[in-house]
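Below, chains carry the letters A, B, ... as their sequence lines are ordered, and counting in each starts from 1.
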Number of protein chains: 2
Amino acid sequence: MYSNKYLSGNLSGIADGPMSVKQTLVLDGEKGELVKASETMGKKIAGSEPKTMAALKSHSDAERRRRERINAHLATLRGLLPISGKMDKATLLAEVISEVKQLKETARPASEGLHVPMDTDEVQVEKLEDKADGGSVLLRASLCCDYTPDLLFNVKQAISDLPGQLLKSEMSTLGGRVKIVFLITSSSAAEELHFSSIRAALSNILDKVSASAEYAQQIIFPQKRRRVSYVDS
Amino acid sequence: MYSNKYLSGNLSGIADGPMSVKQTLVLDGEKGELVKASETMGKKIAGSEPKTMAALKSHSDAERRRRERINAHLATLRGLLPISGKMDKATLLAEVISEVKQLKETARPASEGLHVPMDTDEVQVEKLEDKADGGSVLLRASLCCDYTPDLLFNVKQAISDLPGQLLKSEMSTLGGRVKIVFLITSSSAAEELHFSSIRAALSNILDKVSASAEYAQQIIFPQKRRRVSYVDS
DNA sequence: AAGGACACGTGATAC
DNA sequence: TGTATCACGTGTCCT
């Protein structure tokens, strides 16, 4: 075992391999030189006090146990992650934090109430929680309008044109009204660009839907007016 | 700064503090003794090669950067956790893994409740909360499948054939998948009958969709298998 | 060969 | 007091 190269596992000190003492240089910051370690050492060595020895061993032992605990937890986390491949310890942690965020976002709407479609047509794009963690931003876009048979077709087309990655979409209907909510990840670099192109895509849907809806409406409710509002945040 | 105690920040070696060279003992595993480090050292020291010096510095610098990266991520994770108090690094990780597990657990019913389409085709009919109100029962039916252009047409037809009164329908899409949920009132007398006819109607949709989807899929993914599950409750 | 990632032992420090 | 945690520089492997 590597850890016993300098520090023997048993105090009786049975020779069990070729020995090579290393880590013998000390970098002297003051002079900027390498010096022999012993040069600057005083009495302290005196050699082989068993007390110091035992203390040192238990110290490094404890430290090793600590490392093992941490690494075990890291391994557990690696197993919990959707990503399978081998990973850097730092990148693993980065993945974990993005996982946690994602899960939190996914779990939220359960408690945050439902998106009931209102009476005014609406296109809304907002940014959720920009904690400057890893350059990725979460956008929440929503569209509220009348339901028409071709709505879903238009939506689907718009989705494929959407920038970033679509995490989730949710749609609810009430009466003849419908509200669709999208959750989209965007790179913080292209954030504003995505922002406006999402807005454009959804507004485009709204236009088409409005056209066909207005046609149908004018037959039945010629008096009804259409109110449209665009909201950004 | 502590990190410069042994290794000076500048290679010119300006004296900037009291110096105390430490880490000079080497624990000899073979003999079980402390020895002077220099005892077992040969020529190698020769003193002050600038090459070795620079290499050593860049090495420890890199290692420090790595540590900082990891610790930064750990700090971020600490901030994401519901627990506020100070925490052991290992216990922090333990908390993170339990948090991830819990979020996964919480997110699953949320996903099912919020009707996020999963990867398996599914027809589900269940009875919600029969509070013996007035002989009327609430049924919740859902259909999960690939999205195809004719899906909505089929759904619309099936709806008109449905028994009972359709209270609400909700639909969400993710990727190419779609999940539709119906809320239907039924008389408790005809409950079982409605149950099976709803099942039949949705299964019928699923069959049609599967057919057209499979046709499209066999061109692109000939190996992909369709898994269908029927769930009652 | 130049640099990244990891485990190690050690000094410092808090309780 | 002993017994934890942490940051550090280093050796070693891998690319």
Query raised in the report: With a 4.0 Å cut-off on heavy atoms, is B:Arg65 in touch with a base, just the backbone sugar-phosphate, or nothing at all?
Result: nothing
Is [X] close enough to [N] that one of its side-chain N or O atoms is under 4.0 Å from OP1 or OP2 there?
| X | N | answer |
| --- | --- | --- |
| B:Lys89 | D:dA7 | yes |
| A:Arg64 | C:dG9 | yes |
| B:Arg66 | C:dG4 | no |

Query raised in the report: Nearest nucleotide by nearest heavy atom, which residue falls closer to the 5' end of DNA chain C, A:Ala90 or A:His59?
Result: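 Its nucleotide being nearer the 5' end, the pick is A:Ala90.
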In whole angstrom, what separates [X]'s [atom1] from [N]'s [atom2]?
| X | N | atom1 | atom2 | answer |
| --- | --- | --- | --- | --- |
| B:Arg67 | D:dT5 | CZ | P | 18 Å |
| B:Glu68 | C:dA5 | CD | P | 14 Å |
| B:Leu93 | D:dT5 | CG | C1' | 14 Å |
| B:Asp61 | D:dT10 | CG | P | 11 Å |
| A:Glu63 | C:dG11 | CD | P | 13 Å |
| A:Leu74 | C:dA7 | CG | P | 9 Å |
| B:Asn71 | C:dA5 | CG | C1' | 15 Å |

Query raised in the report: Ion pair present between A:Glu63 and A:Arg66, side-chain N to carboxylate O less than 4.0 angstrom?
Result: yes
Query raised in the report: Which atoms form the tightest heavy-atom contact between B:Val123 and B:Leu143, and what is the distance?
Result: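 Heavy-atom minimum between the residues: CG2-CD1, 3.9 Å.
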Report task. Quantify the bending of the helix from C:dA2-D:dT15 to C:dC15-D:dG2 as the angle between its end axes, each fitted on five pairs, to 10°. Result ->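 About 0°, once rounded to a multiple of 10°.
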